[in-house]
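Input: a single structure, listed below in structure tokens.
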Amino acid sequence: MSLKTLPILVMNLGGEMLYVLDQRLKAPNIPLDKSQTGLWSEDDRKKVMSDIIGTMFNKPFMEELLKPQDVYSHRAMRTLLTRIAHSSIMRLNAASMDKLYDLTIMAFKYQVQLCARPRDVLLVTFNHIDAIRMFVRHNPMLSNQVDEAQRQLIEMYKYLTDGEFQLIRQTLLVFLQDMHIKVSVFLRENLQNCDGRFVLDSSGPVPQGSDVPGLIRLFNSKGREVKRYEFPSCGSYTSHVREGSFDMSGDRVTRLGTNIYSESAENTQTTGAPRMFKQNTQATTVPNLLAKEELNLLAKLIGSMEVRDTQSGNPGFCVNLFATDKEEEEAGTASETNGMYSIIHIQATEDHRANSELARIADEFTDYRDSSDVPSSKGDHLLSLMDEL
């Protein structure tokens, strides 16, 4: 697994999240407050987008994000995106946040699978950053933050080898492999099957630096071509297109990572949300050995985020990603009854011998923790950071 994957993952998922929110804030059925229904004003939409982008690209957050580290679990990644989304005056309930996370994950999964070569993942990331820059083009300070973050990404990734990019792409695919949420945008264009898996075309331009398949050439010891064989390639392949720009600006060539909702704003609904929660959300019994370190790092990342006070008199605007209230209630019920992980309740108070054994094991952990170089107050530090938010 690559330790340089997390920045690409967060930037791309954050970009896809902004695409969905921007489209939804322009929808005609968003309530301005509890007593009035109408459109969000353009100033409100700009404020929401600016607050979220300012949180994503602030300096402390980017410094923590760019450190070598393992990829988060889906639960931790969803928590991180939730905190980023709620750094504005907008609020999403749990069902809408689940739906937003599904949309962002599936869109990015499709883009990663269509990359002709591993290095193209960076072009997809730059397409997202270019679109984010357009969202805040009216704010010079935020534009400079986005530019600085992109410069850091260029410095970190531009000169990596193809093998390193292949490891990054493989890490992304491992993270995305169990997600099979059906999205109507992809279903309508026949890009996704009914089981949630994508339809990948085996034809088209070959990757940069590759030849069109169908020809085998034999060379002698002096490097001269002596014979050719042709074979059917079972596909309609063409020569590679020009390489996209890896600089701050320029033609990225690929359309992967651009806003797919700009032309299909009415089709951002996931189909059968309650059913998909049941089919694709499976409990896992494999413990995450890096959970504690992951939570501590997550606390550092979200500790630098400014979160609006929802307990004050102004609770902020609420955005619903569902078409009707009934659909929202069904999704909320499904998410409550089909959690990401199953919970097992253990009653051990009646077994004195079991309690003694647990106490002995706890003492061993305490002794080990005291003798190690890791400070024993890690959990307390995490809780204190969370309390300060």
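The shown structure was predicted, so the numbers you read here are calculated from the model rather than taken from an experiment. These numbers come from the heavy atoms of this one structure, side chains and all, not from hydrogens, waters or symmetry mates.
Shown here is Tyr159, whose OH atom has no more than 12 heavy atoms of other residues, nucleotides or ligands within 6.0 Å. By the 6.0 Å contact criterion, CD on Glu155 is open, its count of non-hydrogen atoms from other residues, nucleotides or ligands being 12 or less. Around atom CD of Glu225, more than 12 heavy atoms belonging to other residues, nucleotides or ligands sit under 6.0 Å away.
In this structure, the side chain of Arg119 engages the main chain of Leu160 through a donor-acceptor pair within 3.5 Å. Ser50 places a side-chain N or O within 3.5 Å of a backbone atom of Lys46 that can act as its donor or acceptor partner. Judged by distance alone, with hydrogens and angles left aside, the side-chain atoms of Asn58 form a donor-acceptor pair with the main-chain N or O of Thr55 at under 3.5 Å. Side chain of Asp195 to main chain of Arg197: a donor-acceptor pair is present (N/O by atom type, distance under 3.5 Å, no hydrogens or angles). Between the side chain of His74 and the main chain of Phe175, a donor-acceptor pair closer than 3.5 Å is present. In this structure, Glu164 contributes its side chain and Thr161 its backbone to a donor-acceptor pair below 3.5 Å. Gln111 places no side-chain N or O within donor-acceptor distance of the main-chain N or O of Thr258, the cut-off being under 3.5 Å. Within the 3.5 Å criterion, the main-chain N or O of Gly196 finds no donor-acceptor partner in the side chain of Lys182. Between the Arg255 side chain and the Arg252 main chain, no donor and acceptor come within less than 3.5 Å of each other. Under the 3.5 Å distance criterion, the side-chain polar atoms of Tyr19 are matched with a main-chain donor or acceptor of Gly257.
With values rounded to the nearest 0.5 angstrom, Ile132 atom CD1 is found 7.5 Å from His128 atom NE2. To the nearest 0.5 angstrom, Leu65 atom CG is 10.5 Å from Ile8 atom CD1. The CG atom of Leu13 lies 4.5 Å from the CD1 atom of Ile105; values are rounded to the nearest 0.5 Å. Asn259 contributes atom CG, which lies 11.5 Å from atom CE of Met134 (distance to the nearest 0.5 angstrom). To the nearest 0.5 angstrom, Ser88 atom OG is 12.5 Å from Arg45 atom CZ. Ile129 contributes atom CD1, which lies 5.0 Å from atom CD of Gln150 (distance to the nearest 0.5 angstrom).
Counting heavy atoms from C-beta on, the side chains of Phe108 and Met179 never come closer than 4.5 Å. The shortest side-chain heavy-atom distance between Leu256 and Asp120 does not fall under the 4.5 Å cut-off. Residues Leu173 and Gln113 have side chains in contact (heavy-atom distance under 4.5 Å, counting atoms from C-beta outward). Looking at heavy atoms from C-beta onward, Val199 lies out of side-chain contact with Gln192 at the 4.5 angstrom threshold. In this structure, Val124 and Val112 have side chains that are not in contact, with every pair of non-hydrogen atoms separated by 4.5 Å or more. Contact of the Tyr72 side chain with the Leu80 side chain is registered, since non-hydrogen atoms from C-beta on lie closer than 4.5 Å. Side-chain contact between Leu21 and Ile52 is present, with at least one heavy-atom pair separated by less than 4.5 Å. For the pair Leu9/Met77, a side-chain contact is recorded, criterion being any heavy-atom separation below 4.5 Å from C-beta on.
Hydrophobic clustering (side-chain heavy atoms under 4.5 Å, transitive across Ile, Leu, Val, Met, Phe, Trp, Tyr) groups Val121 together with Leu66. Transitive grouping of hydrophobic side chains (ILVMFWY, heavy atoms separated by less than 4.5 Å) brings Leu114 and Val185 into a common cluster. Residues Val183 and Leu200 share a single hydrophobic cluster, defined by chaining ILVMFWY side chains whose heavy atoms lie under 4.5 Å apart. Linking ILVMFWY residues whenever their side-chain heavy atoms come closer than 4.5 Å, directly or via other members, places Met248 and Met156 in the same cluster.
A salt bridge is absent between Glu230 and Arg217; no separation between the charged side-chain nitrogens and carboxylate oxygens falls under 4.0 Å. Of the charged side-chain nitrogens involved, at least one lies within less than 4.0 Å of a carboxylate oxygen, so that Asp98 and Arg78 count as a salt-bridged pair. Ion pairing of Arg133 with Asp130 is present here, as a side-chain N (NZ or NE/NH1/NH2) and a carboxylate O approach within less than 4.0 Å. Taking 4.0 Å as the cut-off between side-chain N and carboxylate O, Asp251 and Arg242 count as a salt-bridged pair. Ion pair Asp51/Lys47 flagged as a salt bridge, since at least one NZ, NE, NH1 or NH2 atom sits closer than 4.0 Å to an Asp/Glu carboxylate oxygen.
Residues satisfying the side chain to side chain contact (heavy atoms under 4.5 Å, CB included) criterion with Ser2, sequence neighbours excluded, are Lys4, Thr5, Leu167, Ile168, Thr171. Taking Lys59 as the reference, Glu63 meet the side chain to side chain contact (heavy atoms under 4.5 Å, CB included) condition, with sequence neighbours excluded. Residues forming a ring pair (Phe, Tyr, Trp, His ring centres under 6.0 Å) with Tyr110 (at least two apart in sequence, or on another chain): Phe186, Phe198. For Arg224, the side chain to side chain donor-acceptor pair (under 3.5 Å) criterion is met by no residue, not counting sequence neighbours. Under the side chain to side chain contact (heavy atoms under 4.5 Å, CB included) criterion, Asp247 pairs with Lys158, Ser245, not counting sequence neighbours. Residues forming a side chain to side chain contact (heavy atoms under 4.5 Å, CB included) with Lys227 (at least two apart in sequence, or on another chain): Leu218, Tyr229.
Here the shortest heavy-atom pairing between Pro213 and Tyr237 reads CG-CD1, 3.5 Å. Minimum interatomic distance between Met56 and Met11 (heavy atoms only, all atoms of both residues): CE-CE, 4.0 Å. Residues Ala116 and Pro207 approach most closely at O-CG, 3.2 Å, considering heavy atoms. Among all heavy-atom pairs drawn from Val226 and Asn220, the shortest one is CG1-ND2, 3.7 Å. Residues Leu92 and His86 approach most closely at N-NE2, 3.1 Å, considering heavy atoms. Minimum heavy-atom separation, Arg169 to Cys115: NH2-O, 4.0 Å.
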Under the side-chain contact (heavy atoms from CB on, under 4.5 Å) criterion, do Leu142 and Phe57 qualify, and how do the steps go?
-> CA-CA 8 Å; Leu142 289 180; Phe57 290 92; over 6 Å; no

Assess whether side-chain contact (heavy atoms from CB on, under 4.5 Å) is satisfied between Glu16 and Leu18, documenting all intermediate values.
-> CA-CA 5 Å; Glu16 288 297 326; Leu18 289 169; over 6 Å; no

Using the side-chain contact (heavy atoms from CB on, under 4.5 Å) rule, take Leu3 and Gln69 through it: C-alpha gap first, then chi angles, then the decisive distance, then the call.
-> CA-CA 5 Å; Leu3 299 180; Gln69 55 196 290; 5.8 Å; no

What's the verdict on side-chain contact (heavy atoms from CB on, under 4.5 Å) for Phe246 and Tyr157, showing C-alpha distance, side-chain angles and the deciding distance?
-> CA-CA 10 Å; Phe246 289 91; Tyr157 290 107; over 6 Å; no

